[in-house]
Amino acid sequence: MASAPERAAGASDDAQRGPAHDVPFYTIGQVATLLDVPQAQLRRLDDLEVVQPERSTGNQRRYTQDEIDRLREVIELTDEGVTLPGIRKVLELRRRVDELEQQLADRDRAED
DNA sequence: ATTCTTACA
DNA sequence: TGTAAGAA
C-alpha cells in the first residue's frame with residue numbers, strides 16, 4: 001500500500017489535520033498519482049462541479065476519500081472516451097434519477 | 001517544494 | 001487535452 005493520505009512522505013508526524021476529527025485528505029498531487037491522471041484533469045473536473053473538494057490553506061484543494069471515489073467513476077468514463085461535456089450530461093441525468101427516486105419515496109410514504 | 005489561476009497550442 | 005508562466 002503505497003497510498004496513504006497526506007502523511008507518509010516522510011513529513012512531520014503531525015501533518016495537516018481536521019479541526020475536530022482526524023479526517024485525512026489527499027492533495028491534488030497525490031490524487032493525480034493515485035488515479036494516474038494529469039492534475040489539469042482534476043482541476044477541470046472541479047470546474048465542472050463533478051467534485052467539490054474543500055479549500056483551505058491558500059485555496060488548495062483537499063480531496064477526501066469520498067471525492068476520490070467519485071473521481072474514480074468519472075475518470076473511468078473519460079478513459080472509455082466520454083468527454084467532459086459528456087460527463088456533465090451523465091451527472092445531470094444522475095441528478096434527475098436521484099430527484100425522481102426521492103419523489104417516489106415521498107409518494108410511497110404518503111399513500112401509506 | 002507544491003499548488004493555484006490563467007492562457008495558449 | 002496537455003503544458004507553461006508567474007504568483008501564493
Side-chain angles (χ1 to χ4, degrees):
Chain A
M1 299 68 165
S3 51
E6 187 61 51
R7 233 151 240 199
S12 301
D13 205 70
D14 52 11
Q16 296 91 319
R17 292 190 182 195
H21 284 111
D22 195 354
V23 52
F25 58 92
Y26 295 80
T27 63
I28 191 172
Q30 279 185 285
V31 178
T33 305
L34 200 66
L35 304 180
D36 192 53
V37 293
Q39 300 185 358
Q41 178 97 5
L42 297 178
R43 300 203 177 99
R44 255 135 208 181
L45 259 26
D46 184 9
D47 290 342
L48 291 172
E49 41 189 3
V50 172
V51 286
Q52 301 118 45
E54 305 290 311
R55 299 282 191 117
S56 186
T57 310
N59 283 7
Q60 278 180 225
R61 296 173 177 79
R62 28 181 48 180
Y63 292 89
T64 60
Q65 181 59 49
D66 196 48
E67 306 298 347
I68 295 177
D69 193 55
R70 178 176 255 117
L71 243 18
R72 277 190 199 272
E73 291 182 60
V74 175
I75 291 170
E76 198 172 295
L77 289 176
T78 59
D79 283 346
E80 289 177 31
V82 183
T83 56
L84 289 177
I87 297 295
R88 286 201 81 170
K89 197 77 176 178
V90 173
L91 291 176
E92 194 178 316
L93 292 174
R94 180 186 234 188
R95 262 197 300 268
R96 192 59 176 284
V97 171
D98 190 55
E99 189 179 317
L100 292 175
E101 282 179 340
Q102 181 125 3
Q103 283 183 17
L104 271 182
D106 213 31
R107 197 165 81 154
D108 285 350
R109 197 188 325 150
E111 71 181 57
D112 199 82

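Per chain, numbering begins at 1; letters A, B, ... match sequence-line order.
Side-chain contact between A/Glu73 and A/Leu77 is absent, with no heavy-atom pair separated by less than 4.5 Å. Proximity of A/Arg55 to A/Asp46: side-chain heavy atoms (C-beta onward) are separated by under 4.5 Å at one or more points.
Between A/Arg44 and the phosphate of C/dT3, there is no side-chain N or O to OP1/OP2 separation shorter than 4.0 Å. Of the side-chain N and O atoms in A/Gln60, none sit less than 4.0 angstrom from OP1 or OP2 of B/dT2. In terms of phosphate contacts, A/Thr27 brings a side-chain nitrogen or oxygen within less than 4.0 Å of OP1 or OP2 of B/dT3. Taking 4.0 angstrom as the limit, A/Arg62 places none of its side-chain polar atoms (N or O) nearer than this to OP1 or OP2 of B/dC4. One finds a side-chain N or O of A/Arg43 lying less than 4.0 angstrom from the OP1 or OP2 phosphate oxygen of B/dC4.
If you measure from atom CD of A/Gln39 to atom P of C/dA5, you get 16 Å, rounded to the nearest angstrom. Residue A/Leu45 contributes atom CG, which lies 9 Å from atom P of C/dT1 at whole-angstrom precision. Atom CG of A/Asp46 and atom P of B/dC4 are 9 Å apart (whole Å). Atom C1' of nucleotide B/dT3 and atom CG of A/Leu42 are separated by 12 Å, given to the nearest angstrom.
Taken to the nearest 0.5 Å, the CG atom of A/Leu42 stands 5.0 Å off from the CD1 atom of A/Ile28.
Contact check on A/Arg109 versus A/Asp106 returns a salt bridge, with a Lys/Arg side-chain nitrogen under 4.0 Å from an Asp/Glu carboxylate oxygen.
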